[in-house]
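Working notes, beginning with the structure itself.
As the structure is a computational prediction, the values presented were derived from the model and not from experiment.
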Amino acid sequence: FDGMKQTLRTVSNTVELRKVERLTRNYRMSKGVLDVANAILKVLKDCFPNAIEYAPQEYAMKNLGLQVVLVDWDAARLTKVKFGVSQAVIYTNSRHADTPTDSITKWIGDHPFILSSLDSKGLEFEDVLIHALDCSRKAWDPKAGSFEALSLLRELYVAITRAQQRVVILTSGKHKALAEFFEKLDSDVVTVEPSAILVEFQKTTTDDEWFVKATELLGDGKFEIAMGCFKASKRFDWLFRARGRYFVELGKADYALEAFRNAAGLFFESSEYKLCLDTLAEVAELDWSDKDDEILEEALIKEPDYLPRQETVKFAIRRGRWNVISTSDLMNESIAHVFEKERENPTI
């Protein structure tokens, strides 16, 4: 909570935090998942004491009777499965590993939640499959004290703690190091036949459910992952809008403009004029053209009272429509900052 302390003290110099209460009751993950996560965290603390911050052990408040299981990858991919919005496959970022997205896609299809451990941070799912078969024996030997082992175990911890209920770890008969690691781990991990577990992974997700998840991810700033969910929901208007924000984040304004303009056009075609205007406002943050003028004017005919005055003024400045701006706009404090901001724009 160091960041929170600094924030509070910025608000008031008199703020004093005398006691920090560490919360150890975990209401999110089932006992089987949390026990394995705790065991991995213990290995990390024991083998890399200077690399892992102190954290008290958490205790699960729900026990679903589910264990973390190991499943042979070669056998598993012979069984067709269908993942839904609450399932994910997470793979390692290890430099020892070849990115396995192609082989996973062949198995479960073009699923939005085929994620690296880095991309999975901050997300949560009911069920997680971890693809971790291609790491060297050295990397699975934490006592060797290698950077590879530290990095790999951190990734494994992140991947496991994304799951609320079930974790399946895909292993390979060709590489025994991973299985041997879990045999030595102080936790209850078992090896099972694929047929015993994969029957649970036949999920159906509606377009509306994908859309709800996509908008949630968009709101959280997970633009690239949101794009996959919008595609699954067949909402290509929102897919382009998410793509625009993704490219803005990358600093690629030309790509962002193209995406936003595609989104605005699709929203207009489907008579979603308010969303069209909202998207054009994002276009205006980057650039403006005569074609944008055309669609804006048509959308405003459909929704003449939708835009707040501040947005109307911003559009007017970008379009050079000075006759739209009144003296009262110049005197309005809530609108004045728009003029200040636009003065800094070299295109105006």
* Arg261 with Glu258: basic N within carboxylate O range, under 4.0 Å -> no
* Any salt bridge between Arg319 and Asp292, counting N to O under 4.0 Å? -> no
* Test: Arg235 cationic atom under 6.0 Å from Phe211 six-membered ring centre, within 45° of axis ->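 Ring-cation test returns yes.
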So, [X] and [Y]: side-chain donor and acceptor under 3.5 Å apart, yes or no?
X	Y	result
Gln164	Glu126	no
Tyr59	Asn38	no
Thr105	Asp102	no
Thr24	Glu58	no

Tell me whether the count of non-hydrogen atoms from other residues, nucleotides or ligands lying under 6.0 Å of [atom1] in [X] goes above 12.
X	atom1	answer
Lys45	NZ	yes
Phe48	CZ	yes
Lys62	NZ	yes
Gln57	CD	yes
Lys184	NZ	no
Asp46	CG	yes

When you group the ILVMFWY residues by side-chain heavy-atom contacts below 4.5 Å and let the links chain together, are [Y] and [X] in the same group?
X	Y	result
Val283	Phe223	no
Phe236	Trp238	yes
Leu266	Tyr306	no
Ile160	Met61	no
Val68	Leu152	yes

* Give the C-alpha distance, both sets of side-chain angles, the deciding distance and a yes or no for salt bridge (Lys or Arg N to Asp or Glu O under 4.0 Å) between Arg245 and Glu224. => CA-CA 9 Å; Arg245 294 184 184 180; Glu224 188 173 13; over 6 Å; no
* Evaluate the criterion side chain to side chain contact (heavy atoms under 4.5 Å, CB included) for residue pair Trp288 and Asp293; output intermediate values, then yes/no. => CA-CA 8 Å; Trp288 198 255; Asp293 256 357; 2.9 Å; yes
Could you check whether any side-chain N or O of [X] sits under 3.5 Å from a backbone N or O of [Y], counting only pairs where one atom can act as donor and the other as acceptor?
X	Y	result
Asn332	Ser328	no
Thr312	Pro308	yes
Ser233	Trp210	no
Asp220	Lys222	no
Gln202	Lys80	yes
Ser151	Glu148	no
Asp329	Ser326	yes

Of all the heavy-atom pairs spanning [X] and [Y], show the shortest one and how long it is.
X	Y	answer
Arg241	Ala263	N-CB, 3.6 Å
Ala163	Val33	O-CG1, 3.9 Å
Thr279	Ala264	CG2-N, 3.9 Å
Val85	Thr205	N-OG1, 2.9 Å
Phe201	Ile197	CD1-O, 3.6 Å
Gly109	Ile114	O-CD1, 3.9 Å

Quick one: are [X] and [Y] in side-chain contact, heavy atoms under 4.5 Å?
X	Y	answer
Asp127	Ser86	no
Leu280	Cys276	yes
Phe230	Pro112	no
His111	Ile108	yes
Leu257	Phe247	no
Trp140	Glu180	no
Ile225	Leu123	yes
Tyr91	Leu170	no

* For Phe182 and Val36, what are the C-alpha separation, side-chain angles and deciding distance, and is it a side chain to side chain contact (heavy atoms under 4.5 Å, CB included)? -> CA-CA 9 Å; Phe182 280 106; Val36 174; 4.3 Å; yes
* State the CG-OG1 distance between Leu70 and Thr171, to the nearest 0.5 angstrom. =>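 These two atoms lie 5.5 Å from each other.
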* Asked: What is the distance from atom CG of Leu296 to atom CG of Leu307, rounded to the nearest 0.5 Å?
  ->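 One gets 7.0 Å once the value is rounded to the nearest 0.5 Å.
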* Asked: Given Glu294 and Lys291, is the salt bridge (Lys or Arg N to Asp or Glu O under 4.0 Å) satisfied, shown in steps?
  -> CA-CA 5 Å; Glu294 294 174 13; Lys291 289 185 178 180; over 6 Å; no
* Yes or no on side chain to side chain contact (heavy atoms under 4.5 Å, CB included) for Trp73 and Trp107, after CA distance, side-chain angles and deciding distance? -> CA-CA 11 Å; Trp73 165 240; Trp107 183 41; 3.5 Å; yes
* Could you go step by step and tell me if Thr191 and Val69 meet the side chain to side chain contact (heavy atoms under 4.5 Å, CB included) rule? -> CA-CA 6 Å; Thr191 301; Val69 300; over 6 Å; no
* Ring center gap for Phe240 and Phe260 short of 6.0 angstrom ->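 Not close enough - the centres of the two rings lie 6.0 Å or further apart.
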* Verify the ring-centre separation between Phe125 and Phe113: is it less than 6.0 angstrom? => yes
* Determine, step by step, whether Glu285 and Lys314 satisfy the salt bridge (Lys or Arg N to Asp or Glu O under 4.0 Å) criterion, reporting the C-alpha distance in whole Å, the side-chain angles of both residues, the deciding distance to 0.1 Å, and the verdict. => CA-CA 9 Å; Glu285 291 290 334; Lys314 185 186 296 184; 2.7 Å; yes
* How are the rings of Phe268 and Tyr273 set to each other: parallel, tilted or perpendicular (split at 30° and 60°)? -> perpendicular
